[in-house]
Number of protein chains: 2
Amino acid sequence: MLADVIIRAVPSARERVRAELTAEITDAARRQLAEVGAAALSLRAVAREVGMVSSAVYRYFPSRDDLLTRLLVDGYDDLGAAAEAADVPGTAPLDRWLSVCRAVRAWARAHPHEYALLYGSPVPGYQAPQDTVPAAARVGVALGRILGDAARSGDLPETAGERDPGLVTADVVDTLGGEHPSLDETVRVRALLAWSSLFGTISFELFGHFVGSVEDADRYFDRVMTDLARLIGLAPGVDR
Amino acid sequence: MLADVIIRAVPSARERVRAELTAEITDAARRQLAEVGAAALSLRAVAREVGMVSSAVYRYFPSRDDLLTRLLVDGYDDLGAAAEAADVPGTAPLDRWLSVCRAVRAWARAHPHEYALLYGSPVPGYQAPQDTVPAAARVGVALGRILGDAARSGDLPETAGERDPGLVTADVVDTLGGEHPSLDETVRVRALLAWSSLFGTISFELFGHFVGSVEDADRYFDRVMTDLARLIGLAPGVDR
DNA sequence: GGCAGAGCGAGAGCACCGCTCTCGTCACTG
DNA sequence: CAGTGACGAGAGCGGTGCTCTCGCTCTGCC
């Protein structure tokens, strides 16, 4: 009993080397993911890179999909951290919004294969476990914080106060600033719209669907994100 | 010379059976794609299904990727046809818009694996050939036609007439109704935004990113698409 | 009508994949 | 000190995409 506690508190040498090797494997896998993409990620090649035989890797990851899951969670965390780092609380809502959006796009362009793993086609026959959810939500939470802060500081216009229970979840209501006169179902739906449009825009750019349509991707992105910010009231806006 | 013409006009028996076998292979491949997804699509399994040995299939498709390309083009065409069939020219712009958007979503939900092939992660190391472009553009063209018709029939509000050459391509200007007082760069960018948001919304729904956020997917989709229609002026709209 | 050649399917084979099982070794635990 | 459990290596299974060779058959031309 006491020994157990001690063992758990101070990792044994065995546990330490195991953690190191696990990290070495995930690093090699991440490198290979960045090079050849998720579909071509080969557990055998990862094993070769760390100087192991393929079967030895199975001591650390039960399957290739588990290795992919690890990369998935790491990717969500890395992207989420980048988004949070780009946010500067206290500045103008539109600036915060644009800064986070640009950071997400920059991360996606810097890690195209990882982005495709996170937001592209799901791995067939693979169900994302529950522990990926918090990491996956970080970008959305960061964007929601901007909206909530703007509402509390009075930077958002009043709403019609529309209620529509059963449209979005209570979690979304919380994430988007909770109950507030400036936040009703219309705003919440639009915030979700802006959130998915951010990734829709980036996906279209990365996956080549804008080829032949958009000439200046940088300026296009900024304009679209600004329009979305106006749509949810984060910036003084004209029009419809 | 004359013989050549005749041969080309009336397909020989050999050409006919070749066309039939090619169709049989693509049909089997489409079935397998719908079942197991693009990543797990096996050329050998397709061969087994049509009663061939794997090497024989290579007489018809040079590689697995070429088979996937065929399915890609077919998918774009099928989706494009569904979108066009849903459009009823002459009715109100918002109704046309919603009808096409709903048709795209319905097709995506009915063919999730094919949708993932079209709009999910691109196949690694695979570059879509040029002949996929026209098929891929059909949905965008259908949506653009609604906007152009609305502009010509005076259903769109006047614009500030903003010009911004180099932001979107001339093709997009043409597709979105050409030059018209009701169409300026602001509207065109928003139309592209709405287009990519349509697929961003569907992708998020299909790939599970809305789990835990959106409760009633049907109503959410309609509200978002209506907001997008208002954003580009297809419906009388309030707000910012 | 016969013949050369092209198209075709089958089969073997290569290199690779994910994954499983066994076996000898080595370090840590009780 | 003895025992046990984690570990890496290796062989092996069934699968994959793709290539090459071999006969057969059908076709178009002289």
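Chain letters run A, B, ... following the sequence lines, proteins first and then strands; every chain starts at 1. All of these numbers come straight from a predicted model, not from anything done at the bench.
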Quick one: is [N] close enough that its OP1 or OP2 comes under 4.0 Å of any side-chain N or O from [X]?
{"X": "A:Arg18", "N": "D:dA6", "value": "no"}
{"X": "B:Arg48", "N": "D:dT16", "value": "yes"}
{"X": "A:Ser42", "N": "C:dC16", "value": "no"}

Kindly write out the residues that satisfy side-chain contact (heavy atoms from CB on, under 4.5 Å) with [X], not counting sequence neighbours, or none if the list is empty.
{"X": "B:Ala85", "result": "none"}
{"X": "B:Val224", "result": "A:Val189, A:Leu193, B:Thr201, B:Tyr220, B:Leu228"}
{"X": "A:Ala217", "result": "A:Arg105, A:Glu205"}
{"X": "A:Val211", "result": "none"}

Item to check | Stretch residues 19-28 of chain B: residues that reach within less than 4.0 Å of DNA chain C through a heavy atom | outcome: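 Contacts with DNA chain C under 4.0 Å: B:Leu21.
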
Item to check | Proximity to DNA chain C (any heavy atom under 4.0 Å), residues of residues 50-64 of chain B only | outcome: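 Per residue number, the list reads B:Met52, B:Val53, B:Ser55, B:Ala56, B:Arg59, B:Tyr60.
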
Item to check | Pairing annotation in dot-bracket form, given for DNA chain C with Watson-Crick or G-U pairs under 3.5 Å and | for cross-strand partners | outcome: ||||||||||||||||||||||||||||||

Checklist entry - Under the salt bridge (charged side-chain N to carboxylate O under 4.0 Å, His left out) test, which residues partner A:Asp216, sequence neighbours left out? => result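 Scan of A:Asp216 (salt bridge (charged side-chain N to carboxylate O under 4.0 Å, His left out), adjacent residues dropped) gives A:Arg219.
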
Item to check | salt bridge (charged side-chain N to carboxylate O under 4.0 Å, His left out) against A:Asp77, all qualifying residues, sequence neighbours excluded | outcome: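 Only A:Arg138 meet the salt bridge (charged side-chain N to carboxylate O under 4.0 Å, His left out) criterion with A:Asp77.
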
Next on the checklist: Within the 3.5 Å criterion, strictly below it, is a donor on B:Asp66 or B:Ser63 matched to an acceptor on the partner's side chain?
Outcome noted: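 B:Ser63 and B:Asp66 do have a side-chain donor-acceptor pair below 3.5 Å.
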
Could you give the [atom1]-to-[atom2] distance, from [X] to [N], as a whole number of Å?
{"X": "A:Asp65", "N": "C:dC19", "atom1": "CG", "atom2": "C1'", "answer": "12 Å"}
{"X": "B:Glu49", "N": "D:dT16", "atom1": "CD", "atom2": "P", "answer": "13 Å"}
{"X": "B:Arg16", "N": "C:dC8", "atom1": "CZ", "atom2": "P", "answer": "14 Å"}
{"X": "A:Asp66", "N": "C:dC19", "atom1": "CG", "atom2": "C1'", "answer": "13 Å"}

Checklist entry - Quick one: salt bridge (charged side-chain N to carboxylate O under 4.0 Å, His left out) pairs with a partner in residues 19-30 of chain B, sequence neighbours left out? => result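 Applying salt bridge (charged side-chain N to carboxylate O under 4.0 Å, His left out) to every pair that reaches into residues 19-30 of chain B, excluding sequence neighbours, yields B:Asp27-B:Arg30, B:Arg30-B:Asp74.
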
Next on the checklist: Give me each pair satisfying salt bridge (charged side-chain N to carboxylate O under 4.0 Å, His left out) with a member in residues 35-50 of chain B, each pair once, sequence neighbours excluded.
Outcome noted: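 Sorted pair list: B:Arg31-B:Glu49.
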
Checklist entry - Under 4.0 angstrom, heavy atoms only, what part of the nucleic acid is B:Leu67 near: base, sugar-phosphate, or nothing? => result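 Counting heavy atoms under 4.0 Å across all strands, no contact is made by B:Leu67.
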
Next on the checklist: Considering only residues two or more places apart or on different chains, which pairs with a residue in residues 54-82 of chain B satisfy ring pair (Phe, Tyr, Trp, His ring centres under 6.0 Å)?
Outcome noted: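 For residues 54-82 of chain B: B:Tyr76-B:Tyr119.
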
Item to check | Check: A:Arg96 side chain, A:Ala86 main-chain N or O, donor-acceptor pair, under 3.5 Å | outcome: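 Here the side-chain-to-backbone pair does not exist.
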
Checklist entry - Can a donor-acceptor pair under 3.5 Å be found between the side-chain atoms of B:Arg44 and the base atoms of D:dG15? => result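 Between D:dG15 and B:Arg44, which were checked side chain against base, a qualifying N/O pair under 3.5 Å is absent.
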
